[in-house]
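From a predicted model like this one, the values you see are computed outputs, not experimental measurements. Order of the sequence lines fixes the chain letters, A, B, ..., with proteins taken first and strands second; residue numbering starts at 1 for each chain. Note: hydrogens, waters and symmetry copies are ignored here, and every other heavy atom, side chains too, is used.
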Amino acid sequence: MNNSTALRTLLNHEVRSVLGLDESLEIQWTVPKRKDQGDLSTNIAMIEAKKRGTIPRDLASSIIESIDWGKLNVERAEVAGPGFVNIWIAPSYYHTIVDQILSEKGNYGQGEAVPDQKILVEFVSANPTGPLNVVSARAAAIGDSIVRILRKAGFEAVSEFYVNDAGRQVRRLGESVLARAKGEEVPEDGYHGEDVVSLAENLFPSGLNGSELAEVVGEQAAHLNVAHQKKVLDEYGVSFDRWFHESELHRDDTPKHTLEQLSAVGAVYEKDGATWFKGTEYGDVEDRVIITQEGRPTYLLPDIAYHLSKAERGATTAIDLLGPDHHDYVGRMHAALNALGKENFLEVIIVQQVHLLEGGEKVKMSKRAGKLVTLEELVEEVGKDVARYFFLQRRTSSHLDFDLDLAKEESERNPVFYVQYAHTRICGILRKEDCPDPYSADLSTLIELEEIELIKHLEQFAETIQRAAEAREPQRLASYLHDLATIFHKFYSAHRVIGVDAGLSAARAALSEASRIVLAEGLNLLGVSAPEKM
RNA sequence: GCCCCCGUAGCUCAGUAGGAUAGAGCAACGGAUUCCUAAUCCGUAGGUCGCGCGUUCGAAUCGCGCCGGGGGUACCA
């Protein structure tokens, strides 16, 4: 248990005994926005007063009068506003936070292991028919960061990329490649990108012999595409625990078993020569075809099979990050899982669109014409750190304007550098010859406003991780780190670490080192580097 | 038509387990560096949190109804 949690446990114990509450009732302690509202505040008196029909401020007063605050490290407690209980905590408590960070280092903020659960996060899962686009880039940054944050929060989490290597699009890819190899027009419903030209060149360096089959060529091309996607993602700092191929399902006839399971619960019927899933009985807006008139399964059936396989492989929760063009998919997959008794198994996060801006104008992209900005190009243009940070600053569900000009600018205008610079700055201090050893400092001299403010923010790290993990929202961590950088920069401007009294100097070096540890770990959770020099 | 997302400062957006006087970056203006990297800091200015009603001691946050913008609505994946 960390010191922050320990303090709250003690506070809660006292408050519960005063109010006669049992242990199951949550008591909220929040850090007020304003300094004159104390270091921590609780609204428990307002909530309990309502239940009891008493006056909130009176109840708050009785809480304050009944607790021996001194033994809790609380210097002052008062009633405020409509009935808040605000408390001021002694600096000595904050010093223990710095101690804790220095002893735990990168492990600081690690949540306790959550038992009996495993979260499988599936993201990107782009078709093997071409390069990764900017929405995939966004999904990759977010998905990878969610996995890292979940693990930090104590959850067991694994990442997975689903490769649709068995659908008709692979054949279409093969046809497109063959057309390019022959120097013919690519079919209307084929793939028109430049990448298909190089696929043709790679697969047929000395031309065609006329016996090539579109299916086979498609498989070969898809294989090359997947290998390339993997390489690009790797350079982007995103690796998957597993690349799950749709063909694996077909090899084991899994979709057939899934159909039998659906039949067994009475969720399918025949109509117009096709087999339908009764989505409407399980929450979807319409029924869906799962076997076509030609007897071919639609994508839905293997997808259901794939989601069942996630559960069979031990996942207790599946999180899917889907692109904006797939959101009508959500209802049918939930319905299918409901039908099979897997309610609440799947969580879907829609990764919204990305608009690239250059010179204030939207960069025109067209999939049909093969004019796409790829993940690879984006990383070449702006670098991995900038790309990932830009994606992680914003809510996943918001449309994102990605300002390429700002992203390319290596200046103070670029927010990524602001956070990285705080880390670099600390490294600069700690690297100095006359910098004292941060690990043997007496911290009791840390009493300045900017010092305590900094520690208070460091204290919030674990809670930020928990919230970001539970909400699946990495942007909360990005915001936190930006604030931490600001607070550190303020501390730096107000006080000197080196060149003051030796004891104080060591204490400030310790505080700087603690800040560095949290910045480095936080950036790591975003997949952004924490440079020692810039 | 139906479904999903968004609407907060001039621009891009945070803020959503309901909390007290709504924040940041950029853009504008004015300051700070004999000293640990000024990729920084301080200050000024900038708001009917799309609109209305409701729930609540308390709403940017929850509910309902509108308005505006974007996306999706295949026996493709």
Chemist: Only Watson-Crick and G-U wobble pairs with both distances less than 3.5 Å should count. Give RNA chain B in dot-bracket notation, marking inter-strand partners with |.
Modeler: (((((((..((((.....[...)))).(((((.......))))).....(((((..]....))))))))))))....

Chemist: How would you label the contact of A/S493 with the nucleic acid (heavy atoms, under 4.0 Å): base, sugar-phosphate, or nothing?
Modeler: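 The residue A/S493 makes sugar-phosphate contact but no base contact.
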
Chemist: Under 4.0 angstrom, heavy atoms only, what part of the nucleic acid is A/D401 near: base, sugar-phosphate, or nothing?
Modeler: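 Sugar-phosphate, backbone atoms only, no base.
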
Chemist: Answer with base, sugar-phosphate or nothing: what part of the nucleic acid does A/Q169 contact at a heavy-atom distance below 4.0 Å?
Modeler: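 Sugar-phosphate contact only.
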
Chemist: Within the 4.0 Å heavy-atom criterion, would you say A/S41 contacts the bases, only the backbone, or no part of the nucleic acid?
Modeler: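 The answer is base, as A/S41 lies within the cut-off (heavy atoms under 4.0 Å) of a base atom.
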
Chemist: Counting any heavy atom closer than 4.0 Å, what does A/H399 reach on the DNA or RNA strands: base, sugar-phosphate only, or nothing?
Modeler: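 Base contact - A/H399 has a heavy atom under 4.0 Å of at least one base atom.
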
Chemist: Closest to the A/H482 side chain: B/G58, B/G71, B/A24?
Modeler: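 Shortest atom-to-atom distance from the side chain points to B/A24.
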
Chemist: What nucleic acid atoms does A/T424 come within less than 4.0 Å of, heavy atoms only: base, sugar-phosphate, or nothing?
Modeler: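 Here A/T424 touches the bases of the nucleic acid.
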
Chemist: Heavy atoms under 4.0 Å, any strand shown: does A/Q475 hit a base, just sugar-phosphate, or nothing?
Modeler: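 Sugar-phosphate only.
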
Chemist: What does A/H423 touch in the nucleic acid at a heavy-atom separation under 4.0 angstrom: a base, only the sugar-phosphate, or nothing?
Modeler: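 The residue A/H423 makes no contact with any strand.
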
Chemist: Using atom C1' in both nucleotides, what's the gap between B/G25 and B/C41 to the nearest angstrom?
Modeler: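 Their C1' atoms lie roughly 15 Å apart.
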
Chemist: What distance, rounded to whole Å, do you find between the two C1' atoms, one in B/G18 and one in B/C57?
Modeler: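 About 12 Å, rounded to a whole number of Å.
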
Chemist: Starting at CZ of A/R516, measure out to SG of A/C427 and round the result to the nearest 0.5 Å.
Modeler: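 It is 5.5 Å, given to the nearest 0.5 Å.
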
Chemist: Scan A/I350 against the nucleic acid and name what it touches under 4.0 Å (heavy atoms): base, sugar-phosphate only, or nothing.
Modeler: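 Nothing, no heavy atom under 4.0 Å.
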
Chemist: Could you work out which one of B/A20, B/C13, B/C76 sits closest to the side chain of A/N86?
Modeler: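 From the listed options, B/A20 comes nearest.
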
Chemist: Less than 4.5 Å apart, side chain to side chain, heavy atoms only: is that true for A/R296 and A/I291?
Modeler: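 No; the side chains remain at least 4.5 Å from each other.
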
